[in-house]
Q: 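Shown below is the structure under consideration.
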There are 2 protein chains.
Amino acid sequence: MKNGKKQTRLSGVERTDQIYSVAAQMICERGFDATSMSDIADAVGITKAGVYHFIPSKKELLFAIMSYGMDTLEAVVIKPAREIADAEERLRAIITSHSMLIARSSNDEGHSPVTILVEEELGLSPAHRRKLRQRKRVYVDLIRSTLEEMKAEGKLKDVDVTAAAFSLLGMILWVARWFRPDGKLSREQVAEEICKIAFGGLLQIQANGKRKNTEQTE
Amino acid sequence: MKNGKKQTRLSGVERTDQIYSVAAQMICERGFDATSMSDIADAVGITKAGVYHFIPSKKELLFAIMSYGMDTLEAVVIKPAREIADAEERLRAIITSHSMLIARSSNDEGHSPVTILVEEELGLSPAHRRKLRQRKRVYVDLIRSTLEEMKAEGKLKDVDVTAAAFSLLGMILWVARWFRPDGKLSREQVAEEICKIAFGGLLQIQANGKRKNTEQTE
DNA sequence: CGCAACTTACCGACCGGTCAGCAAACTACC
DNA sequence: GGTAGTTTGCTGACCGGTCGGTAAGTTGCG
């Protein structure tokens with residue numbers, strides 16, 4: 001009686017792709033440290049030594065996965081946004097596409113290469129960390145400069161641009177932690193709500209004369 | 001020549017406290033998996049077996065630290081907030097105190113028990129995870145019900161309460177990742193900016209007749 | 001003396017990673 | 001179209017090291 005698992009021999013590129021994709025999924029679900037190379041090998045259906053035939057080291061594997069996540073972010077969010085001339089419209093596009101990207105790739109307890117970008121920064125070598133940080137910086141700069149542009153147009157409230165940029169990112173990235181595909185809000189609705197909150201805030205504008213005081217601390 | 005490190009014998013409670021506090025700091029800085037029990041023992045100045053004389057296991061250690069973080073959150077943010085009758089004021093207090101708590105305990109690259117609450121959920125046993133999740137849930141429910149209350153008072157825009165609650169949390173918790181004590185914004189300023197953005201949003205209200213369209217997607 | 005605070009020595013498990021070699025698949029040549 | 005030679009996908013056995021955790025003994029304070 002043969003084992004049900006057929007031990008098909010795959011071509012180099014096929015196997016390599018498979019390893020990356022399986023590893024990505026496992027690392028996203030269980031964390032980098034909690035995923036051993038043997039685990040990955042088992043899931044792929046070959047031995048650990050077999051895995052090392054295709055990938056150089058565990059750290060390179062993580063770096064490759066996170067780079068892929070960054071590639072996705074650039075392709076889906078950054079590049080399309082750059083082609084939008086109007087700053088406000090551009091910001092709206094960034095919030096929408098990024099939120100939806102994260103919501104798309106987050107199932108229960110599991111994350112995706114796009115979300116590991118945030119979670120697994122440890123475990124990278126300093127050189128790798130530096131490379132990814134630089135790519136992230138470019139993205140933050142895009143958001144910041146977009147806000148700056150809006151400020152110049154008089155479209156932005158009197159808020160600190162850095163704090164605003166990171167607050168936006170916080171709202172967006174946090175989606176990975178609470179969004180559930182089977183919940184009452186769809187991906188599109190989540191993106192829409194975040195846009196509403198980011199642009200308009202929570203407080204209802206008072207119709208009558210007495211304005212809401214947003215400044216008070218005491 | 002004696003080693004500079006004096007090997008003072010401490011009392012049980014003293015040593016236990018020391019272990020927890022040193023471990024907390026190390027785990028916050030380097031991550032749970034990257035911090036071995038020997039590392040902690042070395043930092044405390046005793047052997048690993050000595051550490052195990054006081055604490056039952058590594059997982060219990062993490063759980064205790066995270067519980068302490070949750071205690072802090074409850075004492076500094078939740079309990080004071082509950083004593084505020086007005087919903088809007090309560091929400092403002094929550095945002096301010098929580099932001100400042102996180103900013104206070106985050107130095108470069110290092111975090112605190114309050115911030116590990118978010119980062120190290122893996123590494124907990126299912127039972128421990130459940131306990132902490134329940135305590136977090138209570139906090140989320142406080143925010144959500146506060147928003148609900150504001151909605152009933154007509155003070156809240158037409159936004160989904162769940163999305164709003166989590167967006168708030170996202171903004172606040174993300175502070176741990178970007179705030180630097182030596183940066184241009186003080187803790188108080190960060191809290192203030194987040195309040196402004198959360199309550200008033202980013203867009204300037206147009207003075208003239210044509211209102212900003214916050215709904216458009218196309 | 002007695003007990004609490006420790007140390008020394010050690011365990012088994014598992015980690016990331018290596019290496020020699022095997023067998024299937026592809027190529028080259030007749 | 002068979003067969004020899006080469007490449008390539010992959011295995012089994014194993015490495016040094018580190019991990020969390022333990023048992024038994026030692027030290028020193030009250």
Q: Would you indicate, yes or no, if C/dC6 has its OP1 or OP2 atom less than 4.0 angstrom from a side-chain nitrogen or oxygen of B/R15?
A: yes

Q: Whole Å only: how far is the CG atom of B/D17 from the P atom of C/dA5?
A: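 The answer, rounded to whole Å, is 12 Å.
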
Q: NZ of A/K48 versus P of C/dC14: gap in Å, rounded?
A: 12 Å

Q: Any non-hydrogen side-chain atom of B/L124 less than 4.5 Å from a side-chain atom of B/K131?
A: no

Q: Salt-bridge test for B/D33 and B/K58: reply yes if a basic N is under 4.0 Å from a carboxylate O, no otherwise.
A: no

Q: Is A/T35 touching bases, backbone alone, or none of the nucleic acid, heavy atoms closer than 4.0 Å?
A: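 A/T35: backbone/sugar contact only, no base atoms under 4.0 Å.
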
Q: Please answer whether the main-chain N or O of B/F32 pairs with a side-chain N or O of B/E120 as donor and acceptor at a distance below 3.5 Å.
A: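 Checking the backbone N and O of B/F32 against the side chain of B/E120, a donor-acceptor pair under 3.5 Å is found.
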
Q: Rounding to a whole Å, what distance do you find between A/I40:CD1 and C/dC14:C1'?
A: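 In whole Å, C/dC14 C1' lies 15 Å from A/I40 CD1.
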
Q: Measuring only between side-chain heavy atoms, which start at C-beta, is B/V175 closer than 4.5 Å to B/W178?
A: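 Answer yes - side chains close enough.
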
Q: Check whether any side-chain N or O of A/H53 sits under 4.0 Å from OP1 or OP2 of D/dC10, and answer yes or no.
A: no

Q: Could you tell me whether B/S36 contacts a base, only the sugar-phosphate backbone, or nothing, with contacts defined as non-hydrogen atoms closer than 4.0 Å?
A: sugar-phosphate

Q: Side chain of A/S38, heavy atoms from C-beta onward: which of D/dC10, C/dC6, C/dC15 has the nearest atom to it?
A: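 Nucleotide nearest to A/S38's side chain: C/dC15.
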
Q: If I take atom CE in residue A/M37 and atom P in nucleotide D/dC14, what distance separates them, rounded to the nearest angstrom?
A: 22 Å

Q: Taking atom P of D/dT26 as reference, at what distance in whole Å does atom CZ of B/R9 sit?
A: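 Going from B/R9 (CZ) to D/dT26 (P), I get 14 Å.
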
Q: Rounded to the nearest Å, what distance is computed from the CD atom of residue A/E60 to the P atom of nucleotide C/dG16?
A: 15 Å

Q: Among D/dG12, D/dT22, C/dG16, which nucleotide has an atom closest to any side-chain atom of A/A49?
A: D/dG12

Q: Round to the nearest Å and state the distance from B/I46 atom CD1 to D/dG28 atom P.
A: 16 Å

Q: Could you tell me if the side chain of A/M150 sits less than 4.5 Å from the side chain of B/L203, heavy atoms only?
A: yes

Q: Closer to the 5' end of DNA chain C via nearest nucleotide, is it A/G50 or A/D39?
A: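 Mapping each residue to its closest nucleotide by heavy atoms, the 5'-most match is A/D39.
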
Q: Given atom OH of A/Y52 and atom P of C/dG17, what is their separation to the nearest angstrom?
A: 3 Å

